[in-house]
Amino acid sequence: MPTFTPSNTPSVENSVLSRICRVLNAIPSGRVVTYGDLAEMAGYPRAARLAGGVLRKLPKDTRLPWHRVINAQGRISLPEPGASRQRRRLEDEGVTFLKGRVDMTRYRWLP
DNA sequence: CCGCTGACTCTTC
DNA sequence: GGAAGAGCCAGCG
């Protein structure tokens, strides 16, 4: 979670980013969600691209499970070399890929 | 206020 | 199933 100071009133950091991060932390290991799901669960229906934008700006060393977010097709949207890292992390958590795709019916997290 | 930009999605061919 | 086009939404210059 980012650190806030009462002085700065970040439009992005506070609302969107904090909500996204909260949802992100709630995703169990070995499960995945789509960008659309992430945005919706954060309170921004149909703002899938927004979710992607937030993830893109996360620091490389973040502890957040950013790798559990994939696109609606079950594919990784992150360009290389990130894609390889993401896939490896998911596989480490037990998520299997079939023909480059994640079996959404089995791993998609739906609270 | 305007216009452009995306780790996106959905619908149609 | 893959390509193409049209929505979508908030942030940013």
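Every value quoted in this text rests on a predicted model; they were computed, and no experiment measured them. As a basis for the values below, the full set of heavy atoms in this structure was taken, side chains included, without hydrogen atoms, waters or symmetry mates. Chain letters run A, B, ... following the sequence lines, proteins first, then strands; residues in each count from 1.
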Look at A/Thr34 and B/dT9 and indicate whether a side-chain polar atom (N or O) is within less than 4.0 Å of OP1 or OP2.
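Result: yes.
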Check every atom of [options] against the side chain of [X] and return the nucleotide holding the closest atom.
X       : options              : result
A/Tyr44 : C/dG2, C/dA10, B/dA7 : C/dA10
A/Asn71 : B/dT9, C/dG11, B/dA7 : B/dT9
A/Ala47 : C/dC9, B/dC8, C/dG11 : C/dC9
A/Tyr35 : C/dA10, B/dT9, C/dC9 : B/dT9

What is the minimum heavy-atom distance between A/Asn71 and A/Tyr35, and which atoms define it?
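Shortest heavy-atom separation between A/Asn71 and A/Tyr35 comes out as N-CE1, 3.6 Å.
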Return the minimal non-hydrogen interatomic distance between A/Leu90 and A/Arg68, and the atom names on each side.
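Taking A/Leu90 first and A/Arg68 second, the nearest heavy atoms are CD2-CA, 4.1 Å.
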Can you tell if the side chain of A/Met104 reaches within under 4.5 Å of the side chain of A/Val32, non-hydrogen atoms only?
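Contact flag for A/Met104/A/Val32 side chains = yes.
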Mind checking whether A/Arg56 and A/Trp66 have side chains closer than 4.5 Å, heavy atoms only?
no
Length of the line joining [X]:[atom1] and [N]:[atom2], which is rounded to integer Å:
X       : N      : atom1 : atom2 : answer
A/Glu40 : B/dT9  : CD    : P     : 12 Å
A/Gln86 : B/dA7  : CD    : C1'   : 8 Å
A/Gln73 : B/dA7  : CD    : P     : 16 Å
A/Lys99 : C/dG2  : NZ    : C1'   : 16 Å
A/Met41 : B/dC8  : CE    : P     : 16 Å
A/Arg75 : B/dC10 : CZ    : P     : 15 Å
A/Ile20 : C/dA10 : CD1   : P     : 12 Å
A/Leu50 : C/dG7  : CG    : C1'   : 16 Å

Between the side-chain atoms of A/Arg49 and the base atoms of C/dG11, is any donor-acceptor pair under 3.5 Å?
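Flag unset: no donor-acceptor pair detected.
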By the 4.0 Å heavy-atom rule, please label A/Arg46 as base, sugar-phosphate, or nothing.
sugar-phosphate
Base, sugar-phosphate, or nothing: which does A/Gly53 touch, judged by heavy atoms less than 4.0 Å apart?
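Contact class for A/Gly53: none.
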Distance between P atoms of B/dT12 and C/dC8 (Å, rounded)
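14 Å, rounded to whole Å.
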Ion pair present between A/Arg108 and A/Asp37, side-chain N to carboxylate O less than 4.0 angstrom?
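Judged by the 4.0 Å cut-off on N to carboxylate O distance, A/Arg108 and A/Asp37 do form a salt bridge.
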